[in-house]
Amino acid sequence: MSTGKRRPQDALPGTSAEHRLAELAILYEVGRALQRTVSQRKALHIILVGVTAGPGLGFNRAFILLVDEKENALKGRLAIGPESPEAASVIWTRLQQQDLGELLEALDESKIGLDRRVNEIVSQFRIALDSDHPLVRIMRSHEVSRAERHVFVPHGYPVDSRTCELLGGTEFAVAPLFRAQRDLGLLIADNAITRKPIDTASMRMLQIFAQEASAAIENTQLYQQLREQIALQEKTNEALRSNQERLLRAERLSTMGKMAALLAHEIRTPLVSIGGFARRLLRSCPPDDPRHEEMEIIVSEVARLERLVMEVLGYSKMAKPAAAACDVNALVDSVINNMQEEIQRNRVTVRLELAPDLPPAVLDEAQVRQALMNLVNNALDAMPSGGTLTVTSRADGEFLEIGVQDTGTGILQEYWDKLFTPFFTTKSSGTGLGLVIVSQVVDNHQGSLRFDSRPGQGTCFYLRFPFNPASESCQP
Amino acid sequence: MTRILVVEDDPSLRRLYKNELEAEGYIITVAENGRQALAQVSRETPDLVIMDIRMPEMDGLNAMVEILQRHHKVPVILNTAYSCYMDDFLAWAADGYVIKSSDLEPLKSKIREVLASRSADQAPSG
């Protein structure tokens with residue numbers, strides 16, 4: 001270890017005044033570099049370089065411990081220092097050849113924390129803040145201290161053996177990092193390589209350095225907090241925006257629903273009159289009377305309008321499912337039976353593939369019946385010149401799945417995202433509410449709806465309901 | 001002869017119901033709103049009341065409640081364009097709830113059903 005006894009700087013000619021000047025230059029460069037960085041890790045590195053760079057201050061190794069408020073502990077964060085006297089001489093020679101300002105300017109984050117040995121040491125520092133550990137007490141005192149023969153001077157606390165063991169020596173300097181009344185951490189420096197004693201001038205420089213470092217650490221912490229708050233704010237804004245959009249949409253839908261309901265009710269009473277009297281006239285008109293057929297047209301057209309009104313009112317009122325255990329296969333059968341007339345008119349073959357041991361599902365039978373009717377209606381409309389309607393039921397774990405499949409025209413992809421928009425329809429006669437009602441029913445049951453459609457081949461809609469929905473699912 | 005009071009604010013519908021139900025063989029009187037209906041029930045003691053819900057002066061639900069408080073034997077069928085009142089527990093007090101349609105068959109069959117169940121109830125006592 002003969003080379004270890006000599007510091008490279010010692011070889012330089014110089015007076016203490018020159019040293020002081022060099023120290024000020026370092027302080028200046030470090031201060032400038034710190035002002036330009038917002039990364040805490042980079043700031044810590046710059047501080048450590050400053051502490052170990054100078055011919056005068058020029059500690060061999062430096063360690064930074066910071067207060068971690070979440071863990072309520074003083075934790076080692078970053079260190080700098082050569083592994084051996086040989087490595088030290090390489091580094092120090094390079095430092096003399098390169099301007100410190102340039103070095104700090106060119107600092108790359110990936111080059112930080114590469115001194116393996118010292119960083120292993122520093123990562124082992126973890127001291128509870130509520131302990132009376134001497135390092136915590138020194139930090140709180142805001143006074144620099146020097147460990148010397150197992151005592152901290154001037155504090156007079158005994159040096160704990162664990163710290164000596166970690167640092168591998170009994171002589172080192174400790175400078176508290178603090179801003180106003182806020183304790184930030186500790187800067188520890190030693191001359192483990194050269195074994196040069198730590199003098200009073202070095203201690204004073206370390207103190208000045210610690211002040212500079214404290215300001216920089218606080219700045220980067222504030223910057224970090226600011227960024228986190230901005231990110232949070234942005235997230236909140238984003239959530240707010242999307243909520244607002246949802247709200248607007250819901251409001252629009254509800255307004256449309258209300259208007260539709262109002263209109264439907266207004267139309268219903270005159271329709272009852274028109275249709276009711278037309279039926280009376282029809283009954284009194286002999287079948288061979290030429291007016292008989294025309295009256296029949298009035299009656300059937302009014303009936304069609306009444307069905308449309310029913311559909312609109314069904315949409316605007318359907319909010320509160322009345323859930324009860326229901327045999328879904330029987331429900332499917334009954335829907336198909338009720339629609340026999342339309343099915344036969346379209347010359348459609350019905351295939352039922354119903355799971356034989358399907359458990360009962362808790363749902364609002366009237367609503368699901370309406371949803372199935374709408375899907376079957378759509379399927380029939382998609383097969384104007386005949387085809388096959390396949391209705392399936394099956395249990396998939398906790399879920400019931402009902403499929404309604406046609407071999408019809410299919411749905412063009414450009415309509416896919418409009419399918420569930422109220423009053424959107426591709427049919428010549430339709431309210432554009434059928435699928436809206438289906439999706440409303442599905443929502444009411446905490447279920448889900450998906451479809452699969454190929455133009456020219458057909459469409460299949462799948463309804464999925466939980467067999468036993470959570471109790472709140474049956475709330476409006 | 002069964003006497004039925006039809007309460008309906010729309011004049012065309014009043015006429016439709018009167019004509020159609022008279023053709024079924026009932027004696028029909030009409031009222032234009034709940035308040036009139038109340039007076040007529042006391043005066044005419046009908047066998048059945050067919051009550052619209054949305055009406056000026058006094059709506060059908062309130063009229064029904066008052067009628068049932070005074071003459072709790074008279075059956076009431078609610079006949080309305082609105083299905084939403086089905087959720088109103090006042091509507092549960094009615095003997096029937098029919099949604100208006102140009103096809104009067106549902107109303108007529110509900111009338112027959114209510115009258116039949118009333119006469120069945122009264123059969124043992126008289």
Okay, A/Arg280 and chain B: the region with an atom under 4.5 Å from a heavy atom over there is both
Tell me if the CD atom of A/Glu398 is crowded by more than 12 foreign heavy atoms within 6.0 Å. no
Look at B/Ala23, B/Ala81, B/Ser12 and state which one has the largest set of heavy-atom pairs under 4.5 Å with chain A. B/Ala81
Hey, which of B/Thr80, B/Asp9, B/Asp52, B/Leu13 is the one that makes side chain to side chain contact (heavy atoms under 4.5 Å, CB included) with A/Thr269? B/Leu13
A/Glu341 CD: over 12 foreign heavy atoms closer than 6.0 Å: no
So does A/Glu293 have more than 12 non-hydrogen atoms from other groups sitting under 6.0 Å from CD? no
Between B/Arg54 and chain A, which part of the residue has a heavy atom less than 4.5 Å away: side chain, backbone, both or neither? neither
Lys/Arg N to Asp/Glu carboxylate O, B/Glu105 vs A/Arg279, below 4.0 Å: no
Could you walk me through whether B/Tyr17 and A/Val272 satisfy the side-chain contact (heavy atoms from CB on, under 4.5 Å) test, starting with their C-alpha distance in whole Å, then the side-chain angles of each, then the deciding distance to 0.1 Å, before giving a yes or no? CA-CA 10 Å; B/Tyr17 292 138; A/Val272 173; 4.0 Å; yes
So does B/Arg112 have more than 12 non-hydrogen atoms from other groups sitting under 6.0 Å from CZ? yes
Looking at side-chain heavy atoms only, is the closest gap between B/Lys100 and A/Glu306 below 4.5 Å? no
Hey, what do you get for OG (B/Ser102) to CD1 (A/Ile274), rounding to the nearest 0.5 Å? 9.5 Å
Please assess B/Asp10 against A/Ser273 for the test side-chain contact (heavy atoms from CB on, under 4.5 Å), listing each intermediate value before the final yes or no. CA-CA 9 Å; B/Asp10 185 274; A/Ser273 276; 3.9 Å; yes
Taking all non-hydrogen atoms of both residues, which atom of B/Ile99 and which atom of A/Arg268 are closest, and how far apart? CG2-NH1, 3.3 Å
